[in-house]
Amino acid sequence: MLVEVHRNAKRGTHDEHWSPDSRETADHSIPYGVAGALLNGNVTHHSFEDARLHDPRVRMLVGKIELVENAAFTAAFEGTPQHYCARVTLITATGERLSAESGGDEDDLATPKSNLKIEQKLCVMTEGVLYGACRMEILNGLWQLQDIPDAAQLPSAYPLE
């Protein structure tokens, strides 16, 4: 499996990213994220739970990844406007070549997001952690963040259920 990224992403991937042993390392690992997305269809906070972190299927897929710099993706990353591009190409057991690319569209990390997109992502990323009224209270507070005089007040302002 070939994963093409920009230069900084390639240079930022170190030995520990190929066999992450903690949530912190895994959530900064391109190989782990790609393998997890291929197995589970997406990456959420569940992707970093111990069971998935040590899933032998994830480890096996990570071992099949070759991470390389793509010069065009580096140019896009260093350009204005900035784009975070990547491409994953794999060959199936039957020899079929599959490829998917991201970046430069509305889902690009550098593209401003609508309030609705931000709210949807918060809901997905906090599923099983924040619920109903608590989630909405936090979201509404975050939309008013510029009016909060001391950000240190935030954690105590939103007790988790």
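We're numbering straight along the sequence, starting at 1.
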* To do: Test F48 against Y32 for ring pair (Phe, Tyr, Trp, His ring centres under 6.0 Å), laying out the working first.
  => CA-CA 10 Å; F48 306 102; Y32 180 85; 5.8 Å; yes
* Pick one: which of L39, N40, V58 meets side-chain contact (heavy atoms from CB on, under 4.5 Å) with R52? -> N40
Do [X] and [Y] belong to the same hydrophobic cluster, where Ile, Leu, Val, Met, Phe, Trp and Tyr are linked whenever their side-chain heavy atoms lie under 4.5 Å apart, directly or via other members?
X	Y	answer
M60	V62	yes
L67	V34	yes
V68	I65	no
Y84	I30	no
L38	L98	yes

Identify the two heavy atoms, one from [X] and one from [Y], that lie closest to each other, and give their separation to 0.1 Å.
X	Y	value
G104	C85	N-SG, 4.4 Å
P31	T13	CD-CG2, 4.1 Å
M1	L61	CE-CD2, 3.9 Å
H17	G12	CE1-O, 3.3 Å
V43	A37	CG2-CB, 3.9 Å
A86	V5	CB-CG1, 4.4 Å

* Asked: Quick one: do the T89 and R97 side chains pair a donor with an acceptor below 3.5 Å?
  -> no
* Asked: Is it the case that E69 and T74 place a side-chain donor and acceptor less than 3.5 Å from each other?
  -> yes
Please tell me if the side chains of [X] and [Y] come closer than 4.5 Å, counting only heavy atoms from C-beta onward.
X	Y	result
R59	W18	no
L2	V88	no
K113	K121	no

* **Over 12 foreign heavy atoms within 6.0 Å of NZ, K64** => no
* Please test V3 against E66 for side chain to side chain contact (heavy atoms under 4.5 Å, CB included), starting from the C-alpha separation and ending with a verdict. => CA-CA 6 Å; V3 178; E66 178 185 1; over 6 Å; no
Can a donor-acceptor pair be found, under 3.5 Å and without considering hydrogens, that links the side chain of [X] to the backbone of [Y]?
X	Y	result
H45	M125	yes
S19	E16	no
T126	L122	yes
N8	R11	no

Mind checking the [atom1]-[atom2] spacing from [X] to [Y]? Nearest 0.5 Å is all I need.
X	Y	atom1	atom2	result
S99	L90	OG	CG	8.0 Å
I118	C123	CD1	SG	12.0 Å
F77	H83	CZ	NE2	12.0 Å
L53	S22	CG	OG	7.0 Å
R135	N140	CZ	CG	12.5 Å

* Got a sec, which pairs hit salt bridge (Lys or Arg N to Asp or Glu O under 4.0 Å) with one end in residues 83-93, sequence neighbours left out? -> E4-R87, R87-E101
* Asked: If you look only at pairs with a residue in residues 29-47, which of them pass as a salt bridge (Lys or Arg N to Asp or Glu O under 4.0 Å), with sequence neighbours excluded?
  -> none
* Look at E49 together with R23 and state whether they make a salt bridge at an N to O cut-off of under 4.0 Å. => no
* Report the C-alpha separation of H6 and F73 in whole Å, then their side-chain angles, then the decisive distance to 0.1 Å, and conclude whether the ring pair (Phe, Tyr, Trp, His ring centres under 6.0 Å) test is met. => CA-CA 5 Å; H6 61 83; F73 295 169; 8.8 Å; no
